[in-house]
Amino acid sequence: MKMTEPKHFADLALRGKLSRNVPMSKHTSWRAGGVAERMYQPADLDDLLVFLRGLPVDEPLYAVGLGSNLLVRDRGLRGTVLLLHGALNGLRLEVDGCVYAEAGVPGAKLARFAALHNLRGAEFFAGIPGTVGGMLAMNAGCYGSETWEKVLRVQTVNKRGETFMRMPADYETGYRHVALRPAPQSSDRTTSHSARQPNNYGQAAGFLPRGRGGEREERFSTPVAEEWFIAAWLKFEAGDGGISRQKIKELLGKRIESQPLNLPNAGSVFRNPPGDYAARLIESCGLKGKQIGGAQVSEKHANFIVNIGGATAADIESLINKVRAVVLQQAGIDLHPEVKIIGEAA
Ligand SMILES: Cc1cc2nc3c(=O)[nH]c(=O)nc-3n(C[C@H](O)[C@H](O)[C@H](O)COP(=O)(O)OP(=O)(O)OC[C@H]3O[C@@H](n4cnc5c(N)ncnc54)[C@H](O)[C@@H]3O)c2cc1C
C-alpha cells in the first residue's frame, strides 16, 4: 500500500494517538481484514476538531467504533480511520433528565448508566456490542427497540471540523437505515472553526440518498458532504434500576443461548426481509455449516458468519456472496447485507 504521510499531521498540536499500518483485525469483531494506512484516536472532542480541520480535503476518512458491524477487505484502507471507541467517552445525566452520551460510549455502559439512574428503556443497548456512534449510524436495535426511538438530538461533525446540532426530523430512519435528509428541517450549526462555508446538506456517514433504481447506494469516504456522529441526547422513562438490571441480565442470557458468542462474528450479516427472517431462509436453503476458508455459516444461528480460525476478509465476503446467491436461487429472496464492507479487495 502506498504510504504518503500528509506533512501537516506533524504540524498540528494533536493530543490523540496517531498510528500507522494498523491491522483492522484488531479493531473489528470478526478479527479479520486488512491494514489501515493511518488511524487516529482523538484525546477528546476538541482534539478531534483540531485533527479534522488539518485534514487534506481528499483524505479518505472512516469512522469506526467497536467494529462490530464491519468488514475491512484484505488490501486494507487508504486514508485515515477515526477510532472513536476509547476516545469520545462522555456520559452524563443532564438537568432535564435526558442522557448525554458521546459517540465512543459502548452500548453496555449506556444501559448500565441508565439503570443506575433509575431510567428504563435503555436495557436493549446492553446486548449490542457497539458504540453510541455506530448504533446511531446503524439504527441498531433488538427485542422491539431501536436506537433512534430514544434520540432527542444529536451532534455531528463534518470533515472540516464544523459541528452541527441535528434533530431526529433531519434524518430518514428505518430498520437498520439512517440517512440525513437532503434539506435539513431543524438543524443548527453549533460551532464552526473554519472560515469556509459549512455544508448543511451533508449525508450521514456512509450513506447517499436512494439512486434512480430505488436502491440505496452507499459510500464511505467522499469528502465534504459527510458527517459523523459525535454525541447524542437520549430520552428514557423513569423506572426502577433493579428491574432494569434484571431485564439486562435476561436479555444477555437470551443472546448466550441463541448466538455463537464464542467465535468472532459481526452479529446478523443480513437484514431480515419484510415478513421473514434471514436466518430461517438461510437455514432452509441448507447453508448452516457452509464454509469458505476460515469463514463458516454458524451452526447455532444461520444469520451469523463466524471466523473459525484464520478467516480472511475475502473468505467472509465470498461466503456472504455465496449465501446471498443460494437464497436468491432457492427461495427467490435477495438478502441485503446489514454489515458494512469497506476497503480494497485483494
Ligand atoms: C455478537 C453481536 C451481536 C449483535 N447484535 C446486534 C443487535 O442485536 N442489533 C443490532 O442492531 N446490531 C447488532 N450487532 C451489530 C453491531 O453491534 C451494531 O451494528 C452496532 O451498532 C455497531 O456499532 P460499532 O460501534 O461497532 O460500529 P462499527 O462496526 O465500528 O461501524 C459500523 C458502521 O457505523 C459507522 N460508524 C461508526 N461510528 C460512527 C460515527 N460516530 N458516526 C457515523 N458513523 C459511524 C461506520 O463507519 C460503519 O459504517 C451485533 C454484533 C455482534 C458482533
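Note that this is a predicted model, so its numbers are computed, not measured. In each ligand, atom 1 is the first atom listed, and ligand 1 is the first ligand listed.
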Inset, instruction - Could you check which of Gly127, Gly130, Ala87 puts a non-hydrogen atom nearest to atom 23 (O) of ligand 1? - result: Gly130
Inset, instruction - May I ask you to list the atoms of ligand 1 that are less than 4.0 angstrom from any heavy atom of Leu66? - result: 24 (P), 25 (O), 26 (O), 30 (O)
Inset, instruction - Verify the cluster assignment for Ile341 and Val323: are they in a single hydrophobic cluster under the rule of side-chain heavy atoms below 4.5 Å apart? - result: yes
Legend entry - Under 3.5 Å: donor-acceptor pair, side chain of Gln155, backbone of Glu102: no
Inset, instruction - Could you walk me through whether Ile342 and Tyr62 pass side chain to side chain contact (heavy atoms under 4.5 Å, CB included), step by step? - result: CA-CA 9 Å; Ile342 58 175; Tyr62 307 85; 3.8 Å; yes
Legend entry - Linked hydrophobic residues, Leu252 as query - side chain contacts closer than 4.5 Å: Ile248
Inset, instruction - Give the contacting part of Ile342 toward ligand 1: side chain, backbone, both or neither, where contact means a heavy-atom distance below 4.0 Å. - result: neither
Legend entry - Backbone of Gly141 reached by a side-chain donor or acceptor of Ser145 within 3.5 Å: no
Inset, instruction - Please state which part of Asn265 comes within less than 4.0 Å of ligand 1, counting heavy atoms only: side chain, backbone, both or neither. - result: both
Legend entry - Test item: side-chain donor near acceptor, Asn139 and Glu146, under 3.5 Å: yes
Inset, instruction - Under 4.0 Å from a heavy atom of Trp228: give me the atoms of ligand 1 that qualify, with their elements. - result: 42 (N), 43 (C)
Inset, instruction - Go through ligand 1 atom by atom and flag the ones less than 4.0 Å from a non-hydrogen atom of Gly141. - result: 7 (C), 8 (O), 9 (N), 10 (C), 11 (O)
Legend entry - Where ligand 1 meets Met135 - atom numbers and elements under 4.0 angstrom, heavy-atom basis: 21 (O)
Inset, instruction - Check whether more than 12 heavy atoms from other residues, nucleotides or ligands sit under 6.0 Å from atom OH of Tyr277, and answer yes or no. - result: no
Inset, instruction - Give yes or no for whether the N/O distance cutoff of 3.5 Å, strictly under, is met between Lys340 and ligand 1. - result: no
Inset, instruction - Would you mind running through ligand 1 and noting each atom that sits below 4.0 Å from a heavy atom of Val64? - result: 30 (O)
Legend entry - Option with minimal heavy-atom separation from atom 28 (P) of ligand 1, where the choices are Gly67, Pro264, Ala63, Ala140: Gly67
Legend entry - Best match, His301, Met138, Glu338: closest heavy atom to atom 33 (C) of ligand 1: Met138
Inset, instruction - Under 4.0 Å from a heavy atom of Phe229: give me the atoms of ligand 1 that qualify, with their elements. - result: 40 (C), 41 (N), 42 (N), 43 (C)
Inset, instruction - Below 4.0 angstrom from a heavy atom of Thr131, which ligand 1 atoms are there? Numbered from 1 as shown, please. - result: 23 (O), 24 (P), 25 (O)
Inset, instruction - Walk me through it: do Glu338 and Asn69 pass the test side chain to side chain contact (heavy atoms under 4.5 Å, CB included)? - result: CA-CA 8 Å; Glu338 177 178 321; Asn69 205 47; 4.2 Å; yes
Inset, instruction - Would you check whether Arg255 reaches within less than 4.0 Å of ligand 1, judged by its heavy atoms? - result: yes
Inset, instruction - Run the contact test for Arg176 against ligand 1 with a 4.0 Å cut-off on heavy atoms, strictly below, and give the result. - result: yes
Legend entry - Atom NZ of Lys322: over 12 foreign heavy atoms under 6.0 Å: no
Legend entry - Nearest option to atom 14 (N) of ligand 1, as decided by whichever heavy atom of Ser29, Pro260, Ala137, Pro129 sits closest: Pro129
Inset, instruction - If the plane angle is over 60° it's perpendicular, under 30° parallel, otherwise tilted; pick one for Phe125 and Phe236. - result: perpendicular
Legend entry - Residues Asn321 and Ser318: side-chain donor-acceptor under 3.5 angstrom: no
Inset, instruction - List every atom of ligand 1 that sits less than 4.0 Å from any heavy atom of Leu70, numbering the atoms from 1 in the order shown and giving each element. - result: 29 (O)
Inset, instruction - Determine whether the side chain, the backbone, both or neither of Ala266 has a heavy atom under 4.0 Å from any heavy atom of ligand 1. - result: backbone
Inset, instruction - Examine Gly65 against ligand 1 and note whether any of their N/O atoms are separated by less than 3.5 Å. - result: yes
Legend entry - Spacing of CG belonging to Asn265 relative to CG belonging to Leu263, to within rounding of 0.5 Å: 8.0 Å
